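Pasting in a structure now, in structure tokens, and then I'll have a few things to ask.
What you are looking at is a predicted structure, and each value in this text was computed from that prediction instead of being measured.
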Amino acid sequence: MEISAKQLAALCGGTIEGSESVTVSDFAKIEEAGEGDLSFIANPKYSHYASTTGASILLVSKEFEVPEGTRATLVRVADPYSTLARLMRMVDQAKPRPNGVETPVAVGEGTEVPEDAYVGAFAYIGRNVTLGKGVMIYPQVYVGDGCSIGENTILYPGVKIYAGCKVGNRCILHAGAVVGSDGFGFAPVDGHYEKIPQMGGVEIEDDVEIGANTTIDRATFGNTVVGKGTKLDNLIQIAHNVRVGHDNVFAAQVGVAGSTRIGDRNRVGGQVGFAGHIEIGDDNEFGAQSGLHANVGNGRRMMGYPAVDVMQFARNTVNIKRLAEFLASQKKK
């Protein structure tokens, strides 16, 4: 799809500096872009690329200071990053999508596949499953008995959803994600462990995205819940009876132990670990590899193991680097 700077500016409410007629037909990184490419600058540290990039059009902020030698046409917008994301979504949605039911596919009794759905080859859909309009179920997906999959939800190849789980509307589950596997529940009895049946389910609310090979365990009783708009990266573990609120963002390899409750709009770095049976509030930020072992309120910025305030973490890090020097000085006394 080709679009001119004039059309682009009208589409995103921007203003043009340069040629209105120049066109683009693809996206590219600013350091690799060439003629016909659209790129952007959102972070000031990349500003110097404006004078060397081969991109035909650059999305920049309204405050962007143009380096000498810049040749690209500029489209100034309030937020280049979110504008680019919106444009990319529009292009992605314009792509042709698969539809119909391929063969072989197994569909259980009491399950109806909507006319506008897509079901790929070797998918298995159990009995009494509810499928919303526009669902896309790619090859080798398993959907167990009694599940509910909402409208326009996408299940990519190899997704496994155990019986009785619910996935909302407009969700995206990437390859290898597992929803509804048993929670890690075992009771010590006479020197060995006996399995505690996990009789609950999983409820994934609307607009959730779940990364590849992420696992969400079913509850012992009730439901494990992932709230509306939450985005989970790859290789994340959500244990039984966890409740995650809305619009959280978890980076890869986060682990949340059983029965922990996490509020809304938290940002969680990679490899963060949450102990079980704790409560986390809203609007917190947790740095990569942090360990959370106690309740946390709202609006905190924490890092470290165990996690502390980020400023305290910075002071601790400086002191640790000086520890060997300090100990050596003490030996001389």
Side-chain angles (χ1 to χ4, degrees), residues 1 85 88-183 198-219 223-238 244 246 250 252:
M1 182 176 71
M88 293 177 72
R89 285 196 301 271
M90 292 171 61
V91 171
D92 186 61
Q93 291 167 1
K95 294 178 181 177
R97 49 166 281 170
N99 56 41
V101 179
E102 299 175 353
T103 56
V105 161
V107 179
E109 182 180 352
T111 297
E112 293 188 9
V113 179
E115 291 185 2
D116 61 350
Y118 164 67
V119 183
F122 299 101
Y124 178 95
I125 304 173
R127 294 169 295 182
N128 300 313
V129 172
T130 301
L131 299 177
K133 296 178 180 179
V135 297
M136 298 178 67
I137 299 175
Y138 278 79
Q140 300 182 336
V141 167
Y142 172 89
V143 180
D145 295 347
C147 287
S148 174
I149 311 297
E151 295 183 3
N152 298 307
T153 282
I154 301 173
L155 307 181
Y156 279 111
V159 168
K160 305 294 185 285
I161 302 179
Y162 285 44
C165 294
K166 179 180 179 181
V167 180
N169 302 316
R170 300 175 302 279
C171 293
I172 300 173
L173 278 66
H174 289 279
V178 178
V179 175
S181 50
D182 279 358
Q198 305 294 293
M199 302 178 69
V202 174
E203 181 179 356
I204 297 171
E205 297 181 354
D206 297 344
D207 302 303
V208 170
E209 184 159 350
I210 298 173
N213 295 321
T214 283
T215 58
I216 302 174
D217 290 347
R218 68 174 56 249
N223 285 316
T224 301
V225 178
V226 179
K228 182 176 180 179
T230 284
K231 314 301 181 185
L232 303 180
D233 198 358
N234 305 327
L235 298 165
I236 286 173
Q237 159 70 8
I238 306 294
V244 178
H246 68 78
F250 289 15

State, yes or no, whether a side-chain contact exists between Val143 and Leu155 at a heavy-atom distance under 4.5 Å.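 Yes - at least one pair of side-chain heavy atoms lies under 4.5 Å apart.
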Could you check Val202 against Tyr162 for side chain to side chain contact (heavy atoms under 4.5 Å, CB included), going step by step and ending with a plain yes or no? CA-CA 9 Å; Val202 174; Tyr162 285 44; over 6 Å; no
Among residues two or more places apart or on two chains, list those pairs meeting salt bridge (charged side-chain N to carboxylate O under 4.0 Å, His left out) that have a residue in residues 146-163.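 Sorted pair list comes back empty.
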Is the closest basic N to carboxylate O distance between Arg89 and Asp92 below 4.0 Å?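 A salt bridge is absent here (no side-chain N lies under 4.0 Å from a carboxylate O).
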Quick check: do Ile172 and Tyr156 have side-chain heavy atoms less than 4.5 Å from each other?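 They are in contact (side-chain heavy atoms under 4.5 Å apart), so the answer is yes.
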Salt bridge (charged side-chain N to carboxylate O under 4.0 Å, His left out) contacts touching residues 102-121 (sequence neighbours left out):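 Residue pairs with at least one partner in residues 102-121: there are none.
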Does atom NZ of Lys228 have more than 12 heavy-atom neighbours from other groups under 6.0 Å away?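 No, not enclosed.
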Quick one: are Val225 and Glu205 in side-chain contact, heavy atoms under 4.5 Å?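 When only atoms from C-beta onward are counted, Glu205 and Val225 do touch, with a gap below 4.5 Å.
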What side-chain donor-acceptor pairs closer than 3.5 Å can you find for residues 121-140, not counting sequence neighbours?
from: Arg127; atom 1: NE; to: Asp145; atom 2: OD2; distance (Å): 3.3
from: Arg127; atom 1: NH2; to: Asp145; atom 2: OD2; distance (Å): 2.8

Heavy-atom side-chain proximity of Val101 to Tyr118 below 4.5 angstrom: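 Sidechains of Tyr118 and Val101: no contact.
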In residues 210-218, what donor-acceptor pairs under 3.5 Å come from side-chain atoms, sequence neighbours left out?
from: Thr214; atom 1: OG1; to: Asp233; atom 2: O; distance (Å): 2.7
from: Thr214; atom 1: OG1; to: Leu235; atom 2: N; distance (Å): 3.2
from: Thr214; atom 1: OG1; to: Ile236; atom 2: N; distance (Å): 3.1
from: Thr215; atom 1: OG1; to: Gln237; atom 2: OE1; distance (Å): 2.5
from: Asp217; atom 1: OD1; to: Ser181; atom 2: OG; distance (Å): 2.9
from: Asp217; atom 1: OD2; to: Gln237; atom 2: NE2; distance (Å): 3.1
from: Arg218; atom 1: NE; to: Gly180; atom 2: O; distance (Å): 2.8
from: Arg218; atom 1: NH1; to: Gly200; atom 2: O; distance (Å): 2.5
from: Arg218; atom 1: NH2; to: Ala163; atom 2: O; distance (Å): 2.7
from: Arg218; atom 1: NH2; to: Gly180; atom 2: O; distance (Å): 3.4

Partners passing side-chain contact (heavy atoms from CB on, under 4.5 Å) against Met88 (at least two apart in sequence or in another chain):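 Per chain and number, Met88 pairs via side-chain contact (heavy atoms from CB on, under 4.5 Å) with Phe27, Leu84.
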Between Ser148 (side chain) and Cys165 (backbone), is there a donor-acceptor pair under 3.5 Å?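 Side chain of Ser148 to backbone of Cys165: no pair is present.
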Would you mind reporting whether Leu173 and Val141 have side-chain heavy atoms less than 4.5 Å apart?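 When only atoms from C-beta onward are counted, Leu173 and Val141 do not touch, as no gap falls below 4.5 Å.
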Would you check, one step at a time, whether the test side chain to side chain contact (heavy atoms under 4.5 Å, CB included) holds for Val113 with Val107? CA-CA 8 Å; Val113 179; Val107 179; 4.2 Å; yes
Distance from Asp206 atom CG to Thr230 atom OG1, nearest 0.5 Å?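 If I round to the nearest 0.5 Å, the distance is 11.5 Å.
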Suppose we screen for salt bridge (Lys or Arg N to Asp or Glu O under 4.0 Å). Which residues come up paired with Asp207, at least two apart in sequence or across chains?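 Scan of Asp207 (salt bridge (Lys or Arg N to Asp or Glu O under 4.0 Å), adjacent residues dropped) gives Arg170.
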